Amino acid sequence: MTVRTRFAPSPTGYLHIGGVRTALFNWLFAKHNGGQFILRIDDTDQQRNVEEALEPILHGLKWLGINWDEGPGVGGPHAPYYQSQRYDKYQAVVDELIAKGFAYRDYAKPEELQAQRDEAQKKKETFVYNRQWMADTPEKEAQFKAEGRQGVVRLKTPLEGKLELDDLIRGHVEFDWAQEQDHVIQRADGSFIYHLANIVDDHDFEITHVIRAEEHLSNTPRQVFMIDALGWERPQYAHLPFVAEPGSKTKLSKRKLDKYMKNKDFSGLVNHGLELAKKMGLEVSADTFNPVITDFFEQQGYLPEAIVNYLALLGWSLDDHTEDFTPEELIANFTLERVVKGAASFDCAKLLSFEHRYMDRQSVERKTELCLPFAVKAGWVANDDAGKAKVAKVVAGASERIKMAADILNFEEFFLADDALPYVQKDVDKRLKKEGAQALLKKFADDVLAPAEVWEAAPLEEAMKVWLESNGIGIGEIIHALRVATTGKSVGIGMFEALEILGKESTLARIEKALTL
RNA sequence: GCCCCCAUCGUCUAGUGGCCCAGGACACAGGAUUCUCAGUCCUGUUACAGGGGUUCGAAUCCCCUUGGGGGUACCA
C-alpha cells in the first residue's frame, strides 16, 4: 500500500512556522516511504477571497521545497481538494451515519444544554448528554419541529467501554467512551463540523498516515468512532509535539509578538530584519513580518534549506551528533520513531546559526546571485553583468559577514556615489576629528595612495607598511581615520579589500571630502 | 472539575537498567588571531522538576506531587 500523508491548512493569509513543521514531517514521512504528500484546503463557505488568502501558504511551501503530489495547482485523482467544494460528500456520510444508527438528529436548544452542563459542573460530575431531545422517531421529530426547535446531527457515541489506539509517536493510548460527548457533526444551518469533514476527506484521499499536532490527540476518539461506524479502515495516527514559544513551553502563537520581543534572540532577529526592510523600502507590518511567519525569512533572502534543516530538528533527531541535513538526507533518514514527545520551543538563535552556516558554504557566484536582487531593489546596481560584477566584488570582500542575502544592504558604502556617502557622526568625531588625524591622512594619501600604480589590496597594504615603517607610525594611528574617511563608518570589511573595491578615484575623492568634515 | 498527553543544560537534543558524578549543537563567558566588525581556533560555566518505591545498580521501570499542553463547543 502506498503511503499517503496530507497537510490541510486553512486559508489564513500566512504560513505559520509551526504549520510548516507539521507539513515538513508529513512530506518527509511520505517521501521516505516512497509515498505521496497531498495538500488539502480546509476552507469554509464563509471565507471570502480564499485564493488570495491561500496564495502566501502555497508560495511559502514551494519556497521551502515542500512540494505536493496532489492538491491546488497540481490537481489529482481525488479533486476537488477544497473542503468548501465537497459538501455533497459530507452530507452523504452524515445520512449514512444516521441510517446506520451511529448518529441522530437532535433538537436541544443551546441554552437547555448549557443549563445541564452547568448543573453537572455544580455537582462536579462529567457532563453526559441524556439525549432528551434526540429525535429517534418520526413522531418526536415532528413534535420538536412543531415546537420551533432547530435540529443538529449528533454522534451516538458509546456510553461505556474504551478506545485503544496505537499512536506512532505516543505509543499506546486509551480513552473512556463515557468521557466522550455526543459531538455535533452537522450544525443547524446544515454546515459540517471539522471532524466529520476531516475523516471523509482522509478516507476519500486514501490517507494512510495522519501526522498532525498533538492538540488533535483528544479529538481522535470521535473521529475513530465515525471511521469504525462507516466500516472504513483507520489510518495510522502520529501526534506531533507542538512548537512552543521562544524560551518557554507554551504553544507558539502569532498573536503574542509583544511577549516574544522580550526574548533577546527573537527581538534581535526581528530588529535585524526591520533594518533590512527599511533599506529595501519595504512596508512591513508586525502581522506578517515576524519570525513566526515564513514570509519574514523569504523577504530577507534566507536560504530555504537552512530553515528546513532547522525545522526538521525541532522535534526530531537522527542521533547524538548529526545536525546538517540536505533535504535528500532528511528524506533518507526521517522516521517517526525518532520524533520526540515533548514540546520543542522555537529558538531564533539556533535558526540563525543554521542560516549562517548554510550561507558560508555557498560559493561567491551563488551568493552573488542571491544578493543581486536586493542590490537591484535598493537601486544601487542594474540587473546586468556590470551590476553583477560589482556585487560579486562586495560579496567576496564581505565573505562571512553576509549571513542572509539581504545583508548585502549593509554595504552601501560600495554602491553609493562619493558625495552621497553617509557618515556615522560618532565615528567621525572619534577617528577623524582626533588631533592630527586629518593631517596624517592627507600625508598618507599624497605619499602612498595618489602615486599608487597598481590598485589592489595586497600591494596597497605592502605600500602602507613600508610607509608606516619609514615614518615611525603605528598602523592604529592611521587606519581608523582612513576607514571612516572612505566608508563613512568604523566597521566593515578588510581595509585594503575595501579600497580595492572602491577604486583609486573614489578613495581619493572621499579622503579629500573627509578632510573638510 | 473531569479525561488525555508531556517533562534531561537558558534552548534543540543524545540517552530504552551498568559504557552517564550524563554526550553533541546553539547561546553565553574568558582567551588567542586581526586595522574595526564578522569569522576562526582554544578553554570554561550550566541539566536528569520534586518525593517515594522496584533493583546489587535508575536519567532510564512503577506510584504520587508539581509544572506545561490539549479536549470537554452548533472552533479548527
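Sequence lines set the chain letters: A, B, ... in the order given, protein chains first and strands last, and positions in each chain run from 1. Keep in mind that what you see is a predicted model, and the values were worked out from it rather than measured.
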The side chain of [X] is closest to which nucleotide in this list: [options]?
| X | options | result |
| --- | --- | --- |
| Asn219(A) | A76(B), C5(B), C37(B) | A76(B) |
| Arg483(A) | U36(B), U13(B), C5(B) | U36(B) |
| Phe127(A) | G70(B), A73(B), A25(B) | A73(B) |
| Lys350(A) | G69(B), C26(B), C74(B) | C26(B) |
| Lys403(A) | A38(B), G69(B), A73(B) | A38(B) |
| Arg170(A) | C5(B), G69(B), A76(B) | C5(B) |
| Lys249(A) | C74(B), G69(B), C12(B) | C12(B) |
| Asp320(A) | A14(B), A76(B), C26(B) | A14(B) |
| Lys341(A) | A38(B), C6(B), G71(B) | C6(B) |
| His216(A) | C74(B), A76(B), A14(B) | A76(B) |

* Under 4.0 Å between any heavy atoms, over every strand shown, what does Gly494(A) touch: base, sugar-phosphate, or nothing? Just pick one. =>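 Gly494(A): base contact, heavy atoms under 4.0 Å.
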* Could you tell me whether Val152(A) contacts a base, only the sugar-phosphate backbone, or nothing, with contacts defined as non-hydrogen atoms closer than 4.0 Å? =>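 It contacts base atoms.
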* For U65(B) and C28(B), measure between their P atoms and round to the nearest Å. =>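 Between the two P atoms, the distance is 40 Å.
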* For Ala312(A), all residues meeting side chain to side chain contact (heavy atoms under 4.5 Å, CB included), sequence neighbours excluded ->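 Checked Ala312(A) against side chain to side chain contact (heavy atoms under 4.5 Å, CB included); matches are Leu24(A), Leu330(A).
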* Tyr358(A) ring center near Tyr302(A) ring center (under 6.0 Å) ->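 That pair fails the under 6.0 Å test.
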* Are Phe266(A) and Phe346(A) an aromatic pair by the rule of ring centers under 6.0 Å? ->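 No, they do not, as the ring centres are separated by 6.0 Å or more.
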* Heavy-atom closest contact (Ser10(A) atom, Asp42(A) atom, distance) ->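 Minimum heavy-atom separation between Ser10(A) and Asp42(A): OG-O, 3.3 Å.
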* Relative to the 5' end of RNA chain B, which residue comes earlier, Lys109(A) or Lys251(A), by the nucleotide with the nearest heavy atom? ->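 So the residue in question is Lys251(A).
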* To do: Respond yes when some side-chain nitrogen or oxygen of Thr250(A) is under 4.0 Å from OP1 or OP2 of G69(B), and no when none is.
  =>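 For G69(B), OP1 or OP2 has a side-chain N or O of Thr250(A) closer than 4.0 Å.
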